[in-house]
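Positions are given from 1 along the sequence.
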Amino acid sequence: MNEDTRIDRVRQDMFAVLHGQETPLLTRWSYRADDPFAVMMSISRPSGRWIDWLLSRDLLIEGLCTPAGVGDVRLTPFSDEEFDVLEVRIGDDEGFASLEFDRDLIERFLEATFEIVPAGAESSIIDVEAEIEKITNSCAG
């Protein structure tokens, strides 16, 4: 594959069950090679606007197998008689939401991200000097 046709992002829409609600929520999961450590989970609101949550790809990987996370994002895998589920709990001291996802769909999304940037190769993608320059320039007043 030449440089012009290389895929550098992946996006997957999937439904989540919001704890206590009957109607599923549409979510959009995104990953970009230029931000290889992060995954964006966006939640559709009835108004048509999206709420974005940025989380670590490593956290998502860990959360598929064992409870993971602290603070605003916590992941817990579990199984019931019918489904393998990943619970994503987001929020803060003022409130939280508990979303349940089909674990297989999350795994497929992660596999697609590994096609773009293999697990463990994230550091080789980032140009540290350029990132420092961006931060420095954004702070210059």
Verify the cluster assignment for [X] and [Y]: are they in a single hydrophobic cluster under the rule of side-chain heavy atoms below 4.5 Å apart?
{"X": "Met40", "Y": "Leu110", "result": "no"}
{"X": "Val73", "Y": "Ile51", "result": "yes"}
{"X": "Leu59", "Y": "Val85", "result": "no"}
{"X": "Trp53", "Y": "Val17", "result": "no"}
{"X": "Ile106", "Y": "Leu18", "result": "yes"}

Taking side chain as C-beta onward, heavy atoms only, is [X] less than 4.5 Å from [Y]?
{"X": "Met41", "Y": "Leu99", "answer": "yes"}
{"X": "Ile90", "Y": "Asp72", "answer": "no"}
{"X": "Phe109", "Y": "Asp104", "answer": "no"}

- prompt: At their closest point, which heavy atom of Pro67 faces which heavy atom of Pro77, and how far apart are they?
  reply: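 It is N-CD, 3.7 Å.
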Shortest non-hydrogen pair, Ile116 vs Ala33, comes out as CG2-CB, 3.6 Å
From [X] atom [atom1] to [Y] atom [atom2], the distance as rounded to the nearest 0.5 Å:
{"X": "Gln21", "Y": "Ser98", "atom1": "CD", "atom2": "OG", "result": "11.5 Å"}
{"X": "Leu64", "Y": "Arg103", "atom1": "CG", "atom2": "CZ", "result": "7.0 Å"}
{"X": "Leu75", "Y": "Cys65", "atom1": "CG", "atom2": "SG", "result": "11.0 Å"}
{"X": "Met14", "Y": "Phe101", "atom1": "CE", "atom2": "CZ", "result": "7.0 Å"}

- Task: Take Leu60 and Trp29 through the side-chain contact (heavy atoms from CB on, under 4.5 Å) test and state the conclusion after the steps.
- Result: CA-CA 11 Å; Leu60 190 57; Trp29 292 76; 3.8 Å; yes
Would you say that more than 12 heavy atoms from the other residues, nucleotides or ligands in this model lie under 6.0 Å from the CZ of Phe78, or not?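 Yes.
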### Query
Should we say atom CZ of Arg28 is surrounded by more than 12 heavy atoms from elsewhere, each under 6.0 Å from it?
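Yes, CZ of Arg28 has more than 12 neighbouring heavy atoms, counting only those of other groups under 6.0 Å.
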Review point. Would you say Tyr31's side chain and Pro36's backbone share a donor-acceptor pair under 3.5 angstrom?
Key: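 The answer is yes, because a donor-acceptor pair under 3.5 Å joins these two groups.
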Which of Leu25, Leu26, Asp13 passes side-chain contact (heavy atoms from CB on, under 4.5 Å) with Ser44? Answer is Leu26
Requested in this report: Test Thr27 against Phe15 for side-chain contact (heavy atoms from CB on, under 4.5 Å), laying out the working first.
Outcome: CA-CA 6 Å; Thr27 66; Phe15 286 102; over 6 Å; no
| query | Hey, mind stepping through Val117 and Arg57 against side-chain contact (heavy atoms from CB on, under 4.5 Å) and telling me if it holds? | reply | CA-CA 11 Å; Val117 178; Arg57 183 169 75 159; 4.0 Å; yes
Stepwise side-chain contact (heavy atoms from CB on, under 4.5 Å) check, Asp8 with Asp34: CA-CA 8 Å; Asp8 65 351; Asp34 64 346; over 6 Å; no
* Asked: Quick one: do the Arg9 and Ser30 side chains pair a donor with an acceptor below 3.5 Å?
  -> no
